[in-house]
Amino acid sequence: MALASKYSPKEVEEKWYSYWMEQGYFKSQVNEKEPYTIVIPPPNVTGVLHMGHMLNNTLQDILIRRARLKGFNACWVPGTDHASIATEAKVVAKLKADGIEKNDLSRDQFLEHAWDWTHKHGGIILEQLKKLGASCDWDRTKFTMDPELSDSVIKVFVDLYNKGKIYRGYRMVNWDPSAQTTLSDEEVIYQEKQGTLYYLKYQIADSNDFLTIATTRPETILGDTAICINPNDERFTHLKGKKAIVPICDREIPIIEDEYVDIEFGTGCLKVTPAHDINDKALGDKHNLEIIDTLNDDGTLNSFGMHYQGKDRFVARKELVKELEAMGRIVKTEPYTNNVGTSERTGAIIEPKLSDQWFLDMKELAQPALDAVLNEEVALVPAKFINTYRHWMENVRDWNISRQLWWGHQIPAYFYGDGKQDFVVAQTQEEALLMAQETSGNASLTIADLKQDPDVLDTWFSSWLWPISVFNGIMEPDNEEINYYYPTNDLVTAPEILFFWVARMIIAGYEYRDAKPFSNVYLTGIVRDKQRRKMSKSLGNSPDPIELIEKYGADGVRVGMLLSSPAGNDLMFDEDLCKQGSGFVNKIWNAYRLVQGWDVNEQTPQTESEKLAIDWYKNKFAQTLETIEDHYSKYRLSDALMATYKLIWDDFCSWFLEAVKPPYQGTMSQTTYDQIIGIFEENLKLIHPFVPFVSEEIWQHIAKRNPEDALIVASWPETTDFNEKVIADFEFATDVVAGIRTIRKEKNISFKDTIDLKVLDNEKVNQQTDAMITKLGNIASLDYVDAGVDGAMSFRVKSNEYFVPMAGAIDVEEEIAKLTEELAYTEGFLKSVQKKLSNERFVSGAPEQVVAIERNKEADALAKIETIKASLKGLE
RNA sequence: GGGCGCUUAGCUCAGUUGGUUCAGAGCACUUGGUUUACACCCAAGGGGUCGGGGGUUCGAAUCCCUCAGCGCCCACCA
């Protein structure tokens with residue numbers, strides 16, 4: 001059957017993906033084989049595939065497919081994350097569009113909407129991954145709010161609470177006034193913003209004097225509870241022990257002294273607002289200051305805001321400045337850039353706020369996780385991230401794990417009284433009741449008296465358990481699955497979540513399995529556009545991955561993603577790379593078309609040059625395989641692809657197939673053909689992780705295969721020894737062919753016209769390659785000569801000289817010029833080599849091998865110079 | 001402010017412990033080609049004083065110092 005010259009991915013991809021699914025190749029269960037496991041970084045359940053996912057999951061699929069070919073029990077666990085704040089924000093926005101406010105709903109009503117949304121949009125992203133060819137074990141698909149996974153989260157919370165690691169604290173936290181929840185430090189993004197530094201005058205009590213302070217947030221003066229000066233600041237000795245009066249609210253506040261104040265900055269006087277600044281809080285604690293919280297949860301001012309009550313903090317700022325101006329209290333203003341914290345999810349400007357929250361004490365938990373990375377039990381790829389990791393882990397701070405949201409795992413703390421400490425932490429309500437009765441000494445408490453903490457846990461408090469919880473391994477030491485699959489092998493993720501997620505998974509791994517969660521962490525780069533801008537929805541510079549797959553095929557896009565993405569480096573995505581990817585796929589397809597179109601005849605004998613080419617390619621393959629394995633072992637997947645790409649395109653297609661191609665209307669020996677098919681099959685195994693679809697398509701075309709013989713479950717080529725001489729001999733011949741082509745090009749001799757070739761064989765090369773040279777150079781006659789040939793164009797490979805006699809007169813001048821240039825270069829080269837060799841310190845100091853190499857170079861150069869000189873003489 | 005990293009061809013990047021003709025690859029570019037798979041093709045070719053300066057060494061893209069530019073992470077001084 002005639003095959004189309006253009007490979008069309010669409011139906012091929014659908015066909016083989018469903019075949020793979022039907023046959024259950026992606027499935028994994030506990031067996032006697034060695035496992036190779038990857039857990040997917042769970043994407044947000046309601047998200048859609050973006051380029052980062054494409055890159056990430058392409059890499060994982062390459063690793064998992066290769067492991068499957070290598071005979072491991074390959075298990076790739078897919079799933080999604082409930083993404084507490086992100087999902088809740090989306091649901092709130094959706095409800096708002098429908099005219100419903102979150103606050104009008106009960107918790108249960110809201111959760112119902114959230115689940116509806118999750119069911120509607122959840123899983124879309126997993127379907128998209130299938131289009132990419134992701135060979136996940138879909139039967140294992142997990143969601144962080146599945147009953148078993150939720151159960152793990154609650155168990156871990158209770159356990160850590162009982163261990164004294166989780167505590168409740170009244171602390172300064174990051175408050176997102178838009179989502180009205182706290183955020184962990186990691187969820188706050190600092191951005192440089194142009195602001196104003198206001199210099200404000202405060203009257204000193206019982207005097208007509210004023211002092212001036214500088215602030216970027218004038219609206220917070222209403223929460224001031226002190227002015228602080230540096231005790232060593234001589235300018236302010238007269239203020240010691242005095243009081244100041246806060247403008248507008250006319251509250252009297254003490255002037256305190258603390259060396260914390262920077263004498264150089266601003267005016268040297270610092271206003272202290274313990275409720276709204278982390279450093280001020282510390283000062284306040286130290287000096288026993290009053291705390292006045294002037295903000296509502298939504299970022300508007302509360303009753304302490306007086307006539308600004310109910311106004312947003314930024315509106316209040318403007319108006320308050322006007323009022324102060326009118327009062328003559330603004331000395332001056334100056335522009336000032338400072339870093340403003342914003343919410344990672346909502347973008348709102350974060351307010352430091354004091355509140356009761358749950359914290360996890362990280363210090364001790366982090367230690368084994370730090371050690372594991374430092375001693376490379378867990379390897380970070382690239383290793384440059386080790387330093388960053390260490391720095392973070394050594395300075396790790398307690399983790400604020402509570403969020404004032406509804407979508408997520410509700411904190412299993414139950415309040416039975418009105419006191420802040422009147423609570424118990426328990427796995428279930430029933431358990432909680434018993435504990436509450438006991439703790440309170442009140443046996444008549446009922447379920448109705450218990451109020452569960454309304455807050456939910458930080459999303460990462462469930463995803464940090466992911467490599468364990470997907471196998472139900474928390475608190476189940478004897479679970480067969482976890483004991484088999486854990487620790488997993490590789491984790492592929494983005495460096496931006498090294499701390500959010502990776503570090504915490506390692507911590508949880510040691511705490512709950514007493515073992516690392518994975519051995520290697522492959523940190524990908526960020527996908528950027530050609531202008532190096534991060535791809536984002538708002539910029540509209542991110543192509544739709546599914547459209548790309550439609551356009552270039554999944555194989556093409558996979559290759560495109562990988563062509564320029566060394567680990568840890570950002571990837572400048574360019575659609576042309578996908579074009580190159582689909583070009584590669586098409587090349588493979590056409591190579592197959594060529595081979596399957598040959599006429600094969602049992603009677604046709606195998607030629608010497610066929611044998612030679614096959615021998616060469618097998619050795620070349622083995623040599624390249626070694627390189628490829630080395631790249632894989634270092635997670636240099638782009639390099640592994642490039643090595644494969646060049647093997648297939650240059651070595652296999654351009655040289656091998658051209659060398660064995662039968663003459664026009666000729667036939668090929670059955671032996672040769674079978675060997676070529678065998679080689680083709682080995683190639684397909686090698687490319688399968690990168691281009692799973694086209695490789696399977698060709699594999700199944702080559703022969704009718706039983707399900708157990710599909711390419712996806714074939715066996716990866718073994719590394720073998722290879723003969724470097726065979727490779728070198730063949731490549732000597734390809735150099736000769738290239739020399740012939742250059743002359744053809746220079747002299748405008750068409751490839752269709754035959755030429756003669758005379759060889760001055762100083763190298764005593766393997767003449768078996770002559771047949772190939774004749775074929776690929778389109779040589780009419782190849783003869784060996786003892787001396788240079790006049791009236792011919794010449795070129796040299798090592799010290800061999802090749803002559804192509806010219807029918808017409810050759811341009812002597814031009815030839816002389818060319819040869820003279822080559823001579824000058826070679827002589828210069830010789831000179832530098834001889835200089836080295838005549839250097840006593842080099843000969844005695846350098847390793848023997850290096851010196852020997854230099855001596856070889858000298859000999860080669862000398863021989864070559866001889867041939868060039870001889871040729872020049874012939875021309876004169 | 002603290003830490004880490006980067007600077008090699010027009011672009012994106014390799015270059016392991018200093019030593020093979022080490023100055024590389026892919027893409028882009030130039031030129032020539034309807035060679036019986038592929039124009040998503042074939043062939044040939046041009047292109048870099050390895051950011052600047054200094055040092056160590058027989059020998060430096062590679063090690064050290066210094067200057068310049070860029071990026072990232074952490075901290076968050078009103």
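Letters A, B, ... are given to chains in the order of the sequence lines, protein chains preceding strands, and every chain is numbered from 1.
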Under 4.0 Å, heavy atoms only, any strand: does [X] hit a base, just the sugar-phosphate, or nothing?
{"X": "Asn338(A)", "value": "sugar-phosphate"}
{"X": "Ser582(A)", "value": "base"}
{"X": "Arg397(A)", "value": "sugar-phosphate"}
{"X": "Asn387(A)", "value": "sugar-phosphate"}

[X] has an atom [atom1]; how far is it from atom [atom2] of [N], in whole Å?
{"X": "Asp555(A)", "N": "C40(B)", "atom1": "CG", "atom2": "C1'", "answer": "14 Å"}
{"X": "Lys384(A)", "N": "G71(B)", "atom1": "NZ", "atom2": "P", "answer": "15 Å"}
{"X": "Leu641(A)", "N": "C13(B)", "atom1": "CG", "atom2": "P", "answer": "17 Å"}
{"X": "Leu270(A)", "N": "C77(B)", "atom1": "CG", "atom2": "C1'", "answer": "9 Å"}
{"X": "Ile743(A)", "N": "U31(B)", "atom1": "CD1", "atom2": "P", "answer": "23 Å"}
{"X": "Lys6(A)", "N": "A37(B)", "atom1": "NZ", "atom2": "C1'", "answer": "14 Å"}
{"X": "Ile755(A)", "N": "U35(B)", "atom1": "CD1", "atom2": "C1'", "answer": "14 Å"}
{"X": "Leu197(A)", "N": "A78(B)", "atom1": "CG", "atom2": "P", "answer": "8 Å"}

Quick one: list whatever passes side chain to side chain contact (heavy atoms under 4.5 Å, CB included) with [X], sequence neighbours left out.
{"X": "Asp258(A)", "value": "Cys228(A), Tyr260(A), Leu283(A), Lys286(A), His287(A)"}
{"X": "Thr333(A)", "value": "Thr196(A), Tyr198(A), Ile330(A)"}
{"X": "Met51(A)", "value": "Met54(A), Val527(A), Met535(A), Ser542(A), Pro543(A), Pro545(A), Leu548(A), Met561(A), Phe573(A)"}
{"X": "Lys6(A)", "value": "Asn586(A)"}

Sidechain N-carboxylate O distance under 4.0 Å for Asp753(A), Arg744(A):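 No, this pair does not count.
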
Salt bridge check, Glu822(A) against Arg796(A): does any charged N sit closer than 4.0 Å to a carboxylate O?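 Glu822(A) and Arg796(A): salt-bridged.
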
Check for me whether the distance between the ring centres of Phe584(A) and Phe690(A) falls short of 6.0 Å.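 Ring centres of Phe690(A) and Phe584(A) not closer than 6.0 Å.
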
Does the ring centre of Phe385(A) sit less than 6.0 Å away from the ring centre of Tyr389(A)?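 Aromatic pair excluded; centres sit 6.0 Å or further apart.
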
Between [N] and [X], is there an OP1 or OP2 to side-chain N/O distance shorter than 4.0 Å?
{"X": "Tyr664(A)", "N": "U35(B)", "answer": "no"}
{"X": "Arg841(A)", "N": "C58(B)", "answer": "yes"}
{"X": "Arg593(A)", "N": "C40(B)", "answer": "no"}

Just compare [options] and give me whichever is closest to any side-chain atom of [X].
{"X": "Lys752(A)", "options": "C74(B), U35(B), A78(B)", "answer": "U35(B)"}
{"X": "Lys661(A)", "options": "A78(B), A37(B), C73(B)", "answer": "A37(B)"}
{"X": "Asn279(A)", "options": "C73(B), C76(B), C38(B)", "answer": "C76(B)"}

Of the non-hydrogen atoms in Lys579(A) and Ser582(A), which two are nearest, and what is the gap between them?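 So the two residues come closest at O-OG, 3.0 Å.
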
For Thr220(A) and Thr273(A), work out which heavy atoms get closest and say how close.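 That would be O-CG2, 3.4 Å.
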
In whole Å, measure the gap between the [atom1] atoms of [N] and [M] for me.
{"N": "G15(B)", "M": "C22(B)", "atom1": "C1'", "answer": "9 Å"}
{"N": "G54(B)", "M": "A14(B)", "atom1": "C1'", "answer": "28 Å"}
{"N": "C4(B)", "M": "C67(B)", "atom1": "P", "answer": "16 Å"}
{"N": "C70(B)", "M": "G52(B)", "atom1": "C1'", "answer": "15 Å"}
{"N": "U8(B)", "M": "G24(B)", "atom1": "C1'", "answer": "10 Å"}
{"N": "A44(B)", "M": "U62(B)", "atom1": "C1'", "answer": "33 Å"}
{"N": "A23(B)", "M": "C50(B)", "atom1": "C1'", "answer": "7 Å"}
{"N": "U20(B)", "M": "U16(B)", "atom1": "P", "answer": "11 Å"}

Might you list the N or O atoms of the protein lying below 3.5 Å from N or O atoms in nucleotides 22-29 of chain B, with each pair's distance?
{"unit_1": "A25(B)", "atom_1": "O2'", "unit_2": "Lys646(A)", "atom_2": "NZ", "d": "3.1"}
{"unit_1": "G26(B)", "atom_1": "O2'", "unit_2": "Gln580(A)", "atom_2": "NE2", "d": "3.1"}

Does anything in residues 640-650 of chain A form a salt bridge (Lys or Arg N to Asp or Glu O under 4.0 Å)? List the pairs, not counting sequence neighbours.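 For residues 640-650 of chain A: none.
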
Qualifying salt bridge (Lys or Arg N to Asp or Glu O under 4.0 Å) pairs with a residue from residues 629-640 of chain A, counting only residues at least two apart or across chains: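 Applying salt bridge (Lys or Arg N to Asp or Glu O under 4.0 Å) to every pair that reaches into residues 629-640 of chain A, excluding sequence neighbours, yields Arg66(A)-Glu629(A), Lys70(A)-Glu629(A), Asp630(A)-Lys634(A), Arg636(A)-Asp639(A).
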
Do any of residues 255-263 of chain A sit with a heavy atom less than 4.0 Å from RNA chain B, and if so which?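 Nucleic-acid contacts, sorted: Val261(A), Asp262(A).
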
Check the interface with nucleotides 17-20 of chain B: list each N/O to N/O pair with the protein under 3.5 Å, or write none.
{"unit_1": "U20(B)", "atom_1": "O3'", "unit_2": "Lys857(A)", "atom_2": "NZ", "d": "2.9"}

Please write out each protein N/O paired with an N/O of nucleotides 41-48 of chain B under 3.5 Å, distance rounded to 0.1 Å.
{"unit_1": "C41(B)", "atom_1": "O3'", "unit_2": "Lys587(A)", "atom_2": "NZ", "d": "3.2"}
{"unit_1": "C42(B)", "atom_1": "OP1", "unit_2": "Lys587(A)", "atom_2": "NZ", "d": "2.8"}
{"unit_1": "C42(B)", "atom_1": "OP1", "unit_2": "Trp649(A)", "atom_2": "NE1", "d": "2.5"}
{"unit_1": "A44(B)", "atom_1": "O3'", "unit_2": "Thr742(A)", "atom_2": "OG1", "d": "3.3"}

Looking at Glu264(A), I want to see if its CD is surrounded by more than 12 non-hydrogen atoms of other residues, nucleotides or ligands under 6.0 Å.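 Incorrect, the count does not exceed 12.
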
Taking atom CD as the centre, does Glu376(A) end up with more than 12 heavy-atom neighbours from other residues, nucleotides or ligands that are less than 6.0 angstrom away?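 No, not enclosed.
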
Pair Gln194(A)-Tyr336(A), side-chain donor/acceptor within less than 3.5 Å: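 Not at all, the side chains of Gln194(A) and Tyr336(A) share no donor-acceptor pair under 3.5 Å.
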
Rounded distance [0.5 Å steps], CD1 in Ile278(A) versus CG in Asp185(A):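 Interatomic distance, Ile278(A) CD1 to Asp185(A) CG, rounded to 0.5 Å: 8.0 Å.
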
CD1 of Ile679(A) to OG1 of Thr672(A): how many Å apart, nearest 0.5 Å?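 Result: 10.0 Å between the selected atoms.
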
Assess whether salt bridge (charged side-chain N to carboxylate O under 4.0 Å, His left out) is satisfied between Arg171(A) and Asp398(A), documenting all intermediate values. CA-CA 11 Å; Arg171(A) 294 244 213 124; Asp398(A) 288 0; 3.5 Å; yes

Sequence neighbours left out, what passes salt bridge (Lys or Arg N to Asp or Glu O under 4.0 Å) with Lys836(A)? Give chain and number order.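 Result, salt bridge (Lys or Arg N to Asp or Glu O under 4.0 Å) vs Lys836(A): Glu854(A).
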
Dot-bracket notation for RNA chain B, counting Watson-Crick and G-U pairs under 3.5 Å, with | for partners on another strand: (((((((..((((.....[....)))).(((((.......))))).....(((((..]....))))))))))))....

